[in-house]
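Below is one structure, written out as C-alpha cells; comments come after it.
On a predicted model such as this, the values are computed, not experimentally measured, just so you know.
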Amino acid sequence: MPLSWNEIKSRAIIFQKEWAEETSEKAEAQSFWNDFFNVFGISRRRVASFEQPVKKADNKQGFIDLLWKGIILVEHKSRGKDLERATQQAKDYFPNLKEHELPRYILVSDFQRFKLYDLDLGHQSEFRLDEFAQNIHLFDFIAGYEKRVYKDSDPVNIEAAELMGKFHDCLKEIGYTGHDLEVYLVRLLFCLFADDTGIFNKGIFREYIDLHTKEDGSDLAMHLASIFQVLNTPEERRLKNLDENLTQFPYVNGKLFEEPLLLAAFDSKMRLMLLEACAFDWGKISPAIFGSMFQAVMDSKKRRNLGSHYTSEKNIQRVIKPLFLDDLYMEFEQIKISRNGLLEFHKKIANLHFLDPACGCGNFLVITYRELRDLEILVLQELNKTGQLVTDIGSIIQVDVDQFSGIEYDEFPVRVAEVAMWLIDHQMNMKVSNTFGQYFVRLPLKKSVKIVHGNALRMNWEEIVPKAMLSFILGNPPFVGSKMMTKVQREDLLALFKKAKGAGVMDYVSAWYIKAAELIQASNIKVAFVSTNSISQGEQVGILWNVLFSVYHMKIHFAHRTFKWSNEAKKSAAVYCVIIGFANFDTSEKRLFEYENIKGEPLEVKAKNINPYLVDGNDTTVPRRRSPLCDVPKIVIGNKPIDGGHYLFTTTEKEEFIKLEPNSEKWFRKWLGFDEFINNYERWCLWLGDCPPNELKKMPHVLQRIESVKSYRLARASLPTQKLALTPTRFHVENIPASEYLVIPKASSERRKYIPIGFLDAHTLSSDLLFIIANADLLLFGILTSEMHMAWTRYVCGRLEGRFRYSKYIVYNNFPFPKTPTGKQKQAIEACAQAVLDTRAKYPESSLADLYDPLTMPSDLMKAHQKLDKAVDLCYRSQPFTSESSRIQYLFECYEKLTSPLLPIAQRKRTTRKLNHGARKRDEK
C-alpha cells in the first residue's frame, strides 16, 4: 500500500537534510540510493539492481549503476562531474536492453544535483538535493502513484459553441422555433464544418453566402434551402441547368438534408453573423463539441428534465482508457513487430462493437471512434514499414462507424450524434490521407452509426446490438436525483429494481447499472459509466450494489473516486462524479484513480479489490441501520417545529417581543441549527411546550403567535401536519435532553479535516439540522471527532454536492467503534479530547467555522487533534495509521467482522463493542 503524500514529503525532508553534509563520493552510492527509495516506502533491493551488466551501443561491456526494469534507469557520477555525459551514457545502454526492460525515466545525479527525464512525455526536470522535497511529486511513479493526464478540449470549442448559440437566439427571436430550428442549426453546423475540413471544396459555402446573397439578408434563406436540397441530391439526378455555383456542392446522403423544413428568414445582422461564423476556423473543432453546442442553446428547464450533462473529452478519456484503450495499446506494443500479429490485431479492433445507452449528442461515441481510428493508423504504419500496404489505402481501412450504436431519449440529439460521427469519420479519413499520402474520403455516406430514438430503460438492448457482437457499454446516463425524477422515470427505475427494498431513494443513473448488468450475464462485455457520486456513498450503496453483487454477480474492475464534473458547455452544471467500470467476471488487474484535488488530475493506485465505496477492500455494503452496531448512546435528530417561523427570533426580534410581552422572557431558549452552531450566530426559540395554560392566557402576543402556528399547520397539504394544529404549542419532533448533550451538524464542508462537533447545555434547543446524542461523554466525543471517524464519514456518508451529509443510519449506527479500550486508553482519549475543547476555548471570538477552516485553523488546535487521532488509533491497533486508505481498509475489516453472518452466535456476542462512559472533566461554561 502506498504511503500517504504527507508521509513521503516528511521522509524527503529528512533524506535531504541527512545527505546535505555528506561528501557523497561514489563509494557511498548504495546507501544513498537505498535511502532514496526508502523515502517512498520502497525496498530498493526488491525492485532495482546495482551494477546491471549490459552491452553498450558500441558493443562494449558496461554496467548500469541502477536499473528498475521498465521504470527507471539511474546513472550517478562523483560530485561535480558532468551530468550531460552521464545522460548520454545512460542512453547508450538502450539498444541492448530488452523491450520490457526499457525504462520510462532516466535519473542522473552526482548526489547533489539531479536530472530526471520523462522519456514518454519528453519532459526534463533539474534540481539540487536541498530542493528534493519540493520536487518529490516528480517521483509519484515510484511511490505507487501515477499521474494520468488527459487531453483538455481546446478553448476554441467553447468560443464556437457560444457563437452558434447567438445565431440560434436570433432565429428563435423571429419566431423560427422548435424542431425546424434544431434541424436547421445542425445543417448549418455541418456546412460550416464541411467548408473547412475538405468535405466541401475549401471555402465554397462561405464564398457562396458572401457573393450570391443580398447584403440585407432577404434572400439568404432561399439560397440556403437550395444548398440543402443539392446536398441531398445525387449528382446524376440533379437538374441539368443547375447553377454552376451549386453544382460544386457534393452529394452527402445520410438523411441529414432529407426532411423538408419551413423556410427561415434573415436580415442584414443575421447574414453578417453567419458570415462571421463562416470565418471561424471550424477545422479546429472536435465533432464532440456538437453535443456541447446543443447544450449551450437548450433552455435550462429542458436540460433539467432530460438530465443533459454532456461530457467533456477529458472525462471521456477517463472512461475509455481503463475500459479498453490502455489494454489495446499494451497489446499493440507487444505484437507490433509481428506481421501476422498486426493483421490479427487489426481484425480484432475492426470487430469491436460499442453501445452508449444514453448517448445524448454522441460525445462518447465520437471520441471512442477517433481513438480507435488513431490506433488503426498506427497498425497500418507498422505494416507499411514492411511494405505490406496495398496501393489503395481505402481498401484496407477496416474500422468504421457501424461498429458504434447508441440510444437517446430525445429526438434531436439522435440526428446530432449521427452527424458528429460522420464528421469525425471524415476527419480521420483526412488524417489517413495525410499520413499515407493518398486521398481517402467516404462520400456519399454509406455506413452509419446506429442511434435509436427511445427510452433505453424500456428497450431490449440486444435488438440494437446482438449480445454476441457487443464488446463494451459506456456513457454517462442522465444525472437526475431521486427527488427530481418524473413519474415515468420512477416507474422505469422501480421496474428494473423489482422488489429490492428501498429502491425508491435511488438516483435515476442507477437504473442503467441494473439494465447493463442484466444484459452482460455470462459474457465478456465490459461496462463503464460516469455517474453522480451518490451511488458510491450513503444509503444508495447498500441498495444498488447488493442487487449488483447478489443477483447479477458484478465485479468492479476500475474506478475513479469523486471528482468535480467539467464539460465544454456554457454554464455547465456543478456536479460531483465517479466513474465505475464493471463486468460479470473478475480480473486481477484492478485500477483505482484517486484525487488529491477533486478539480485536478488523478493518481492511479493498483488495488486487490475495489468495493462499492471505491476503496481497496472486500465487496461490502453498509446498509441503513436503525440502531447502533456497537454499544453506544442512541443518536437522534434535533427539534422540528413546523411553525412557519413564528416561534423563532433573532436577538433583536426577541428583545422587541419581550418589551411587548415581558412575561414571555423566561420561555425563550437559545436555538441552534447547523448555521448557528458552526458560525456562532445567535437565535432564539419561544418554547411553550412546558408553559401552563394559565400563564399562556396572560400573554396575548404569545397567543397570537400560537394562533399563527395553528393556521400555518392547517394550511399545509400534509394530513399529519394538519393534525399537529391540534397541539400548536408542541413541535413536530421534540428531542430535548435533560442534561448536557453532544451535537453533530448534518452537513459540513468537505474542505474541513474534521467535522466540528461539540457539547451544548440543556437549556439550548437544537434544530433538526443537528444530530443529538444525550448522555455523551469525553470518550465518545474524542472518538467521533477523530480522524478514524472522519475517514469512515468521508467514505460512507452521502454528499450534498461535495459537502458531507452526516447520517445516523449509515455513518453513526454502522461505525465500528474500537473494541473495549483499556482504562489507560480511555484516559488518553479523554485527556486529548479535553485538550481539543480547551484549545477551542482559547479563541472565544472565533466561530467553529473559523477554527476548522483549513486556511485559518490554529496550529495548537491542529496539534491537539493530531494527538487525539493518535490516541484513538492506538485503541484499534498498536501502531498509528499512516494514511487514510489504511484507516478505511481497517475500518471495513472491523465492520465485516462485526456484521459477518458466518460467526457463531456466541462469538458474535463477544465481538459486541462497548464503551464505558466515564466522567469527564471540563470547565463548565
Determine whether more than 12 heavy atoms belonging to other residues, nucleotides or ligands lie under 6.0 Å from atom CD1 of I337.
no
When every non-hydrogen atom of I579 is compared with those of N315, the smallest separation belongs to CD1-O, 4.0 Å
Within the 4.5 Å heavy-atom criterion, are D410 and V414 side-chain neighbours or not?
no
Is the closest side-chain heavy-atom distance between Q427 and R370 below 4.5 Å?
no
Does R794 come within less than 4.0 Å of E884, counting only side-chain N to carboxylate O?
yes
Is it the case that the side chain of N611 and the backbone of L614 share a donor-acceptor pair, with hydrogens and angles ignored and the cut-off at 3.5 Å?
yes
Please step through side-chain contact (heavy atoms from CB on, under 4.5 Å) for the pair F324 and K526, ending with a clear verdict.
CA-CA 9 Å; F324 69 91; K526 296 181 181 180; over 6 Å; no
To the nearest 0.5 Å, how far apart are CD1 in I367 and CG in L474?
11.5 Å
Let's go through Y809 and R625 carefully: what are the C-alpha distance in whole Å and the side-chain angles of both, what is the deciding distance for side-chain contact (heavy atoms from CB on, under 4.5 Å) to 0.1 Å, and is it a yes or a no?
CA-CA 5 Å; Y809 297 119; R625 186 177 299 276; 5.9 Å; no
Quick one: sort the Y513 and F582 rings into parallel, tilted or perpendicular, breaks at 30° and 60°.
parallel
Within a strict 4.5 Å, meaning less than it, do heavy atoms of the L380 and H346 side chains meet?
yes
Can you tell if the side chain of I520 reaches within under 4.5 Å of the side chain of F585, non-hydrogen atoms only?
no
Which atom of L898 lies closest to which atom of P816, heavy atoms considered:
CD1-CB, 3.9 Å
Any donor-acceptor pair under 3.5 Å linking the side-chain atoms of D425 with those of Y369?
yes
Between Q889 and S886, is there a donor-acceptor pair closer than 3.5 Å when you use the side chain of the first and the backbone of the second?
no
Scanning both residues in full, the closest heavy-atom pair of L493 with S510 reads CD1-OG, 3.6 Å
Is R805 salt-bridged to E750, going by a charged N under 4.0 Å from an acidic O?
no
Mind jotting down which residue pairs meet the salt bridge (Lys or Arg N to Asp or Glu O under 4.0 Å) criterion with at least one end in residues 528-550? Sequence neighbours excluded, please.
E539-R624
Once you measure the plane-to-plane angle for F354 and F472, does it fall in the parallel (<30°), tilted (30-60°) or perpendicular (>60°) bin?
parallel
Is there a side-chain contact between L365 and M421, using heavy atoms and a 4.5 Å cut-off?
yes
Identify, with sequence neighbours excluded, every residue that meets side-chain contact (heavy atoms from CB on, under 4.5 Å) alongside S338.
N340
Between Y595 and K564, is there a side-chain heavy-atom distance shorter than 4.5 Å?
no
Check whether any side-chain N or O of H353 sits under 3.5 Å from a backbone N or O of P466 as a donor-acceptor pair, and report yes or no.
no
Is there a side-chain contact (heavy atoms from CB on, under 4.5 Å) between I71 and R104 once you walk through the steps?
CA-CA 5 Å; I71 306 294; R104 174 177 171 177; over 6 Å; no
Reported CZ-to-CG distance for the pair F892 and N618, which is rounded to 0.5 angstrom
10.0 Å
Quick check against the 3.5 Å criterion: does N460 have a side-chain atom that pairs as donor or acceptor with the backbone of E462?
yes
Quick one: does any side-chain atom of K467 pair with a main-chain N or O of Q521 as donor and acceptor, under 3.5 Å?
yes
Taking everything shown except Q398 itself, do over 12 heavy atoms lie less than 6.0 Å from its CD?
yes
Under the criterion side chain to side chain donor-acceptor pair (under 3.5 Å), which of H557, E604, H560 is the partner of R591?
E604
For the residue pair Y105 and H123, is the inter-centroid distance of their aromatic rings smaller than 6.0 Å?
no
For I610 and A559, which heavy atoms make the closest approach, and how far apart are they?
CD1-N, 4.1 Å
Can a salt bridge be assigned to the pair E376 and R373 using a cut-off of 4.0 Å between side-chain N and carboxylate O?
yes
Do any N or O atoms from the side chain of N533 and from the backbone of C577 form a donor-acceptor pair under 3.5 angstrom?
no
Rounded distance (nearest 0.5 Å) linking atom CD1 of I320 with atom OG1 of T368
4.5 Å
Residues pairing under salt bridge (Lys or Arg N to Asp or Glu O under 4.0 Å) where one sits in residues 610-621, two or more places apart or in two chains, turn out to be K555-D619
Taking the side chain as every heavy atom from C-beta outward, state whether N546 and K501 have any atom pair closer than 4.5 Å.
no
Residue that, paired with I514, satisfies side-chain contact (heavy atoms from CB on, under 4.5 Å) out of L496, L519, L457
L496
Is the W792-Y895 ring centre distance short of 6.0 angstrom?
yes
Does a side-chain N-to-carboxylate-O contact under 4.0 Å join E331 and K336?
no
Should the pair F593 and F558 be assigned to parallel (<30°), tilted (30 to 60°) or perpendicular (>60°) ring geometry?
perpendicular
Determine whether a donor-acceptor pair (N or O, by modelled atom type, separation under 3.5 Å) exists between the side chain of K608 and the backbone of K590.
no
side-chain contact (heavy atoms from CB on, under 4.5 Å) assessment of V509 paired with V480:
CA-CA 7 Å; V509 65; V480 183; over 6 Å; no
Is the backbone of Y795 close enough, under 3.5 Å, to the side chain of Q537 for a donor and an acceptor to pair up by distance?
no
Any chance you could lay out the salt bridge (Lys or Arg N to Asp or Glu O under 4.0 Å) test for R458 and D492, step after step, and finish with the verdict?
CA-CA 7 Å; R458 297 189 178 185; D492 291 346; 2.5 Å; yes
Here the gap from F404 atom CZ to I451 atom CD1, rounded to the nearest 0.5 Å, amounts to 10.5 Å
What is the minimum heavy-atom distance between P612 and T621, and which atoms define it?
CG-CG2, 3.9 Å
So, do I535 and V541 sit near enough that their side-chain heavy atoms are less than 4.5 Å apart?
no
Correct closest heavy-atom pair for A517 and L548 would be CB-CD2, 3.7 Å
Donor-acceptor pair, distance only, cut-off 3.5 Å: does the side chain of D507 make one with the backbone of S482?
yes
CG (L355) and CD1 (I407) are apart, to the nearest 0.5 Å, by 5.0 Å
To the nearest 0.5 Å, tell me how far L378 CG sits from E333 CD.
8.5 Å
Cation-pi check, R318 onto F563 ring (under 6.0 Å, within 45° of axis):
yes
Report yes or no: does N584 contribute a side-chain atom to a donor-acceptor pair with the main-chain N or O of N524 at less than 3.5 Å?
no
